[in-house]
Amino acid sequence: MSPPEFLSNILSPPIQPHTNRPHVTLTYAQSLDAKIAGANGNQLILSSKESLVMTHWMRTMHDAILVGVGTALNDDPQLNTRHLPPTTTPYKLPRPVILDSDLRLSPTCKLLKNFKLGTGLAPWVFCKISDENDQAFTRRRETLIAEGARIVSIPEDSAKRLSITHLLEELRSSGISSLMVEGGRQIISSFLCHKPLVVDILIVTVAPTLVGSSGVGATLEKLESLPKLKHIASATFGPDSVIACRPENVGAS
């Protein structure tokens, strides 16, 4: 069994990292009216079975997979390859990575349960550098470590969010050559609009459905903050359209 040709052509293995950061693939599913979640960020099942399998193949092609703590709390994801066809040879599992400034991740989440059961890798949780006197934070940290998580403290940026630059540098120094970023909204915005550019490939699945004004859009940014996109390839998986693009600096030829 092997990934669809659409993915193999875009993400020709082995994916080559950069000197100071992994190769980054940003991917998410959206409705025709560009919504990625329901009201208040509630989970929406947008992808068809066919495009979901494609996404799980994509996971096998990356060393790590990242979501924000909002997605981790709302969806309790497993971030594994369970929708791929049965095989006698185990599929490559990506390392789960969670951006979680205040360590809100539940110690009973599926990611930690899967690690204990031997069906997933231990999640790496990136958080802020905390005050030594913050006893509640320290207790949350110790609880997550006891459940199997690796906790990594990194600096915040000028907006008081975890620094994407420091995150990527830490991942690269920890042996991660390729990173798949799945969301949610704040994560998509932070990666897609980061200066300098850090997203190498953008892959968006568009489902033929409408969510309406109560849904949550894919990005928080204004148009002038978004990068220019160069189309690479498109494909259809079941009823869904999947589009791959390469972000470029505004004004790039």
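Side chains are part of it too, since the values below use all heavy atoms of this structure and drop only hydrogens, waters and symmetry mates.
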Can you check side-chain contact (heavy atoms from CB on, under 4.5 Å) on Ile151 and Leu144, steps first, answer last?
CA-CA 8 Å; Ile151 309 297; Leu144 288 172; 4.0 Å; yes
So Leu192 and Leu26, side-chain contact (heavy atoms from CB on, under 4.5 Å) or not? Walk me through it.
CA-CA 8 Å; Leu192 194 55; Leu26 173 61; 4.0 Å; yes
Which is it for Leu171 and Leu179 under the side-chain contact (heavy atoms from CB on, under 4.5 Å) test, yes or no, and what are the steps along the way?
CA-CA 9 Å; Leu171 288 173; Leu179 174 67; 3.9 Å; yes
Before you tell me yes or no, could you show the steps for His83 and Thr81 under side-chain contact (heavy atoms from CB on, under 4.5 Å), namely the whole-Å CA-CA distance, both residues' side-chain angles and the distance that decides it to 0.1 Å?
CA-CA 6 Å; His83 288 292; Thr81 58; over 6 Å; no
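In this structure, Thr25 and Met58 have side chains that are in contact, with non-hydrogen atoms separated by less than 4.5 Å. Within the 4.5 Å cutoff, side-chain heavy atoms of His56 are placed close to those of Arg82.
When only modelled atom types and interatomic distance are considered, Gln186 and Ser190 share a side-chain donor-acceptor pair under 3.5 Å. Asp157 and Ser163 share no side-chain donor-acceptor pair at under 3.5 Å. Side-chain contact annotation: Thr108 with Ser106, donor-acceptor N/O pair under 3.5 Å present.
Under 4.0 Å is where a charged nitrogen must lie from a carboxylate oxygen, and between Asp134 and Arg139 no such pair does. For the pair Glu147 and Lys110, the salt-bridge criterion is not met [side-chain N within less than 4.0 Å of a carboxylate O]. With respect to the salt-bridge test (charged N to carboxylate O, under 4.0 angstrom), the residues Arg140 and Asp102 do not qualify.
A donor-acceptor pair under 3.5 Å is absent between the side-chain atoms of Asp33 and the main chain of Leu210, judged by distance alone. Side-chain atoms of Thr55 come within 3.5 Å of backbone N or O of Ser51 as a donor-acceptor pair. Of the possible donor and acceptor atoms, none in the side chain of Thr71 sits under 3.5 Å from a partner among the backbone N and O of Val67. When atom types are taken as modelled, the side chain of Ser214 and the backbone of Ala39 share no donor-acceptor pair closer than 3.5 angstrom. Side-chain atoms of Asn74 never come within 3.5 Å of backbone atoms of Gln43 as a donor-acceptor pair (strictly under, hydrogens ignored). A donor-acceptor pair is defined here as one N or O able to donate and one able to accept, closer than 3.5 Å; such a pair exists between the side chain of Lys195 and the backbone of Cys193. Between the side chain of Ser178 and the backbone N or O of Asp63 there is at least one donor-acceptor pair closer than 3.5 Å. Using a distance-only test at 3.5 Å, with no hydrogens or angles considered, a donor-acceptor pair links the side chain of Asp240 to the main chain of Ser48.
Across all non-hydrogen atoms, the minimal contact from Ala122 to Phe115 is N-CD1, 3.3 Å. The two atoms that bring Gly38 and Val216 nearest to each other are O-CG2, 3.3 Å, heavy atoms only. Of all non-hydrogen atoms in Ile98 and Gly68, the two that sit nearest each other are CG2-C, 4.3 Å. Looking at every heavy atom in both residues, Leu162 comes nearest to Phe126 through CD1-O, 3.3 Å. The two atoms that bring Cys127 and Phe137 nearest to each other are SG-CZ, 3.8 Å, heavy atoms only. Nearest heavy atoms, Leu111 versus Gln78: CD2-O, 3.3 Å.
Other residues, nucleotides and ligands place more than 12 heavy atoms under 6.0 Å from the NZ atom of Lys92. Atom CZ of Arg150 sits in a crowded spot, with more than 12 heavy atoms from other residues, nucleotides or ligands closer than 6.0 Å.
Residues Leu197 and Leu168 do not share a hydrophobic cluster, defined by chaining ILVMFWY side chains whose heavy atoms lie under 4.5 Å apart. The hydrophobic clustering, which links ILVMFWY residues whose side-chain heavy atoms are closer than 4.5 Å, places Ile129 and Leu103 apart. Ile188 and Leu46 sit in two unconnected hydrophobic clusters of ILVMFWY residues. Membership requires side-chain heavy atoms under 4.5 Å apart, directly or through other members. In the hydrophobic cluster analysis, where Ile, Leu, Val, Met, Phe, Trp and Tyr join through side-chain heavy atoms closer than 4.5 angstrom, Leu84 is grouped apart from Leu121. Cluster membership check: Trp57 does not share its hydrophobic cluster with Leu52, using side-chain heavy-atom separations under 4.5 Å among Ile, Leu, Val, Met, Phe, Trp and Tyr.
In this structure, CD1 in Ile65 is found 4.5 Å from CE in Met180, a value given to the nearest 0.5 Å. Distance check, rounded to the nearest 0.5 Å: CE of Met54 to CZ of Arg59 gives 11.0 Å. In this structure, Met61 CE and Leu11 CG are separated by 4.5 Å, a value rounded to the nearest 0.5 Å. Taking CG of Leu44 as the reference point, atom NZ of Lys35 lies at 11.0 Å (rounded to 0.5 Å). Between the CZ atom in Arg95 and the CD1 atom in Ile176 there is a gap of 6.5 Å [rounded to 0.5 Å]. Taking CG of Asn80 as the start and OH of Tyr91 as the end, the distance is 12.5 Å to the nearest 0.5 Å.
Results of the side chain to side chain contact (heavy atoms under 4.5 Å, CB included) test with Ser177 over His18, His23, Arg172, His62 single out Arg172 as the only residue that passes.
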